[in-house]
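Naming convention: chains lettered A, B, ... in sequence-line order (proteins, then strands); numbering from 1 in each chain.
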Amino acid sequence: MTDIRVRIAPSPTGPLHLGTARTALFNFLFARHTGGTFIFRLEDTDQARGTEAFELEILEGLHWLGIRWDEGPAVGGEPERGAYGPYRQMQRLTDYAEAAARLLAEDKAYYCYCSPTELEAVRKEQEAAHEPTRYNGRCADLSATERAAFEAEGRKPVVRFRIPTDRLIVFDDVVRGHMEINTNALGGDLVIVRSDGNPLYHFTVAVDDAAMKISHVIRGEDHLSNTPKHILLFEAMGAPIPQFGHLPLILNPDRSKMSKRKTQTAVMAYRAEGFIPEAYVNYLSLLGWSTGTEEEVLSLDELCERFDLSTVNRAGAVFDRERLEWLNGQWIRRLAPEDLIERLRPFLQVEVDAGRFDWIPSDAEIRALLPVVQERLPRLNAVGELIGFLFVKNLDPDTALLVPKRWDAATALAGLTAARVTIADAGRVTFDAENLEAPLRSLIEDRGWKVGDLFMAIRVAVTGRTATPPLFDTMVALGYERTLARLDRAIEKLAAQVTPNP
RNA sequence: GCCCCCAUCGUCUAGAGGCCUAGGACACGGCCCUUUCAAGGCUGAGAUCAGCGGUUCGAAUCCGCUUGGGGGUACCA
């Protein structure tokens, strides 16, 4: 039995993409489930600027999700590990050159001098004739003199790999089942090395996957049609052909292929919004796969345990942010209190930095609030919105909101004035929720008010908002002095409105 | 143009010939709980299983066609 070896091979040319993360996850789950090896390979041949920053982001993003590799390059201070390195394409250039030279020597590939314009013309003709477009093989059997003539013209050749004519390539895709593709649909002999000497993608993957003894190539469906090319390449190199598993694509809400324009695709943007990795990984795993049971809230460990590549769906899946948010809430509620506090800290700092908090809450302050906060948090970054009113020095409640809908300003003023006395009185000894609620309720009963009305007036006076965590916990968190001060401020504002200055 | 893939509630999905007058979850409506907001519980609406033809005693499940969607087809990855 061959060892199971899978890989994720991102190109560090942009922020970590949601689709890359999903592919990485499925590979990782498959490796963990089967006891195989998960390999991280950097396809860094693109010399774009900022590459190093993106490498770090990819590493950080995958680690954030809990995805660790068994073999991979040195990146972000991590040393290279694994016996099949190097794991960066930039360091494998000689491998590609050697592989190309070997194919050339065995006449499995040849130099082609056709110019882009000539190629384009052929393509156009074929399209017009309703024929499959494919390289016409003009340079497939050049004589030495013909080659010399092209060279003399100054033409720089590409290397083309011979694709057989009219042969059926057959493979059993782990998720899609039996596949048969005729080589005539492959576009003719494949360019594997550019005229500038740089190897092309289809070639490098095959070389690398062979060298790294990848047993299962698990990737997006967009590579399905190109798989025969890879199989042919493996064959030509005398390498065993791995198993393939093509994952369904992730779609925009309008069912087109997911794009940055229509869906937020940067994994780190989700982290910045306060999605937690437990939820994110859980959600990603359910895009195109399910356990087959009704369980949906699953930890990474549980996912590793249950994952089965052969039950992955074949149809594309629309990315549904609402469902992600729901899962996020589920996972936030499952967090241990101290853990939640820890994770909330950076988001509290964001509020301070943005000037929305006047000071950073202490752990003790947050801990006291946690029971009422935890079940109200859809995302970590909602914390400011939820309890921000506690961490501002001056609150200026909207007078209109201070007056509950069934009341007028005078009643609200009377209500708050009476409540102020009751609260001051009740809180003198111990300022806790128990002590506050009973006297306020009997006050309400005496005056014949509605519970909701007075409580709402107090709520707005003390928090400035109509939707808050439970009132009494909120007041306790605010503290005796500050609660009274805010009530006084509200009373003052209402009084000014009820008896305007002459 | 050519090739390939896919098709169950708005969305993610269960379903591998009778258990399906199609189950769950998100979102949505109602009720309960309740000081607001959540969370939670209950409940409702929502799918002629894309359409049409077969095969079969019997089809969401098998086959064919059509339609629709997606992907590929580069000296991109």
Side-chain angles (χ1 to χ4, degrees), chain A residues 9-11 13 43 45-46 112 114-116 119-120 123-124 126-134 156-160 173 176 179-182 184-188 190-202 204-205 220-229 246 248-249 251 253-257 283 286-297 311 313-327 329-330 333 372-378 386 404 437 440-441 444 450-460 463 465-472 474:
Chain A
S11 175
T13 53
E43 313 228 312
T45 46
D46 201 318
C112 166
C114 296
S115 72
L119 262 16
E120 180 64 21
R123 230 186 328 261
K124 285 255 170 66
Q126 292 169 332
E127 255 183 47
H130 292 202
E131 283 166 14
T133 53
R134 59 199 307 265
K156 293 273 182 218
V158 299
V159 177
R160 278 189 192 269
D173 191 282
R176 269 147 220 279
M179 300 291 298
E180 293 186 355
I181 298 176
N182 192 296
N184 286 349
L186 264 29
L190 176 73
V191 179
I192 56 175
V193 181
R194 274 200 282 227
S195 54
D196 65 5
N198 286 127
L200 258 358
Y201 172 77
H202 293 305
T204 59
V205 249
E221 189 198 329
D222 44 349
H223 287 97
L224 188 56
S225 308
N226 287 323
T227 300
K229 294 175 186 170
H246 288 94
L249 261 20
L251 275 21
D254 65 5
R255 300 212 136 259
S256 57
K257 185 185 184 182
Y283 179 69
L286 263 19
L287 271 180
W289 178 74
S290 79
T291 58
T293 68
E294 279 170 9
E295 359 169 58
E296 328 208 46
V297 183
T311 60
N313 285 141
R314 288 175 297 269
V318 172
F319 184 82
D320 180 3
R321 190 193 157 95
E322 302 224 59
R323 205 169 148 78
L324 206 211
E325 283 212 15
W326 171 75
L327 266 176
Q330 292 292 320
R333 270 165 244 134
V372 297
V373 161
Q374 192 156 11
E375 70 189 27
R376 271 163 251 264
L377 234 35
L386 229 198
E437 184 161 359
L440 280 173
R441 281 190 186 275
I444 288 164
K450 286 262 202 303
V451 173
D453 292 335
L454 208 229
F455 283 8
M456 182 53 83
I458 300 173
R459 168 174 293 109
V460 175
T463 69
R465 335 180 107 261
T466 54
T468 71
L471 183 56
F472 302 104
T474 300

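The P atoms of rG10(B) and rA47(B) are separated by 7 Å, rounded to the nearest whole Å. Using atom P as the reference point in both rA22(B) and rG46(B), the two lie 11 Å apart (nearest Å). Taking the C1' atoms as reference points, rA16(B) lies 41 Å from rA38(B), given to the whole Å. The separation of rG15(B) from rA59(B), taken at their C1' atoms, amounts to 13 Å, rounded to a whole angstrom. Remark: the separation of the C1' atoms in rU8(B) and rA50(B) is 10 Å, to the nearest Å.
Remark: Arg123(A) engages Glu120(A) in a salt bridge, criterion side-chain N to carboxylate O under 4.0 Å.
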Polar-atom pairs under 3.5 Å, protein N or O versus N or O of nucleotides 70-77 of chain B: list them with distances, or write none.
residue	atom	partner	partner atom	Å
rG71(B)	N2	Ser225(A)	OG	3.0
rG72(B)	O3'	Asn226(A)	ND2	3.3
rG72(B)	O2'	Asn226(A)	OD1	3.3
rC75(B)	O2	Ser195(A)	N	3.1
rC75(B)	O2	Ser195(A)	OG	2.8
rC75(B)	N3	Ser195(A)	OG	3.0
rC75(B)	N4	Cys114(A)	O	3.4
rC76(B)	OP1	Arg194(A)	NH1	3.3
rC76(B)	OP2	Arg194(A)	NE	3.4
rC76(B)	OP2	Arg194(A)	NH1	2.4
rA77(B)	OP2	Tyr201(A)	N	3.1
rA77(B)	O3'	Glu43(A)	OE1	3.4
rA77(B)	N6	His202(A)	NE2	3.3

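If you check rC28(B) for Watson-Crick or wobble pairing at under 3.5 angstrom, you find it paired to rG44(B). Nucleotide rA14(B) forms a pair with no other nucleotide shown, judged by Watson-Crick or G-U wobble geometry with both contacts under 3.5 Å. Applying the Watson-Crick and G-U wobble criteria (two distances, each under 3.5 Å), rG1(B) pairs with rU73(B). Remark: rG64(B) base-pairs with rC52(B). Criterion, Watson-Crick or G-U wobble with two distances under 3.5 Å.
If you check every strand for non-hydrogen atoms under 4.0 Å, Gly288(A) touches sugar and phosphate atoms only. Residue Arg134(A) is out of contact with every strand shown, counting any heavy-atom pair closer than 4.0 Å.
Side-chain atoms of Leu287(A) lie closest to rC12(B) of the nucleotides rC12(B), rA14(B), rC6(B).
At rC3(B), none of the side-chain N or O atoms of Asn182(A) fall inside 4.0 Å of OP1 or OP2 (strictly under the cut-off).
In this structure, CZ on Arg321(A) lies 11.0 Å from OH on Tyr283(A), to the nearest 0.5 angstrom. The CZ atom of Phe455(A) sits 4.0 Å away from the CD1 atom of Ile444(A) when rounded to the nearest 0.5 Å.
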B/S/- along nucleotides 29-42 of chain B (protein heavy atoms under 4.0 Å) is ------BBBBSS--
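A distance-only check finds no donor-acceptor pair linking the side chain of Arg376(A) to the backbone of Pro469(A) [under 3.5 Å]. Here the side chain of Thr227(A) pairs a donor or acceptor atom with the backbone of His223(A) at under 3.5 angstrom.
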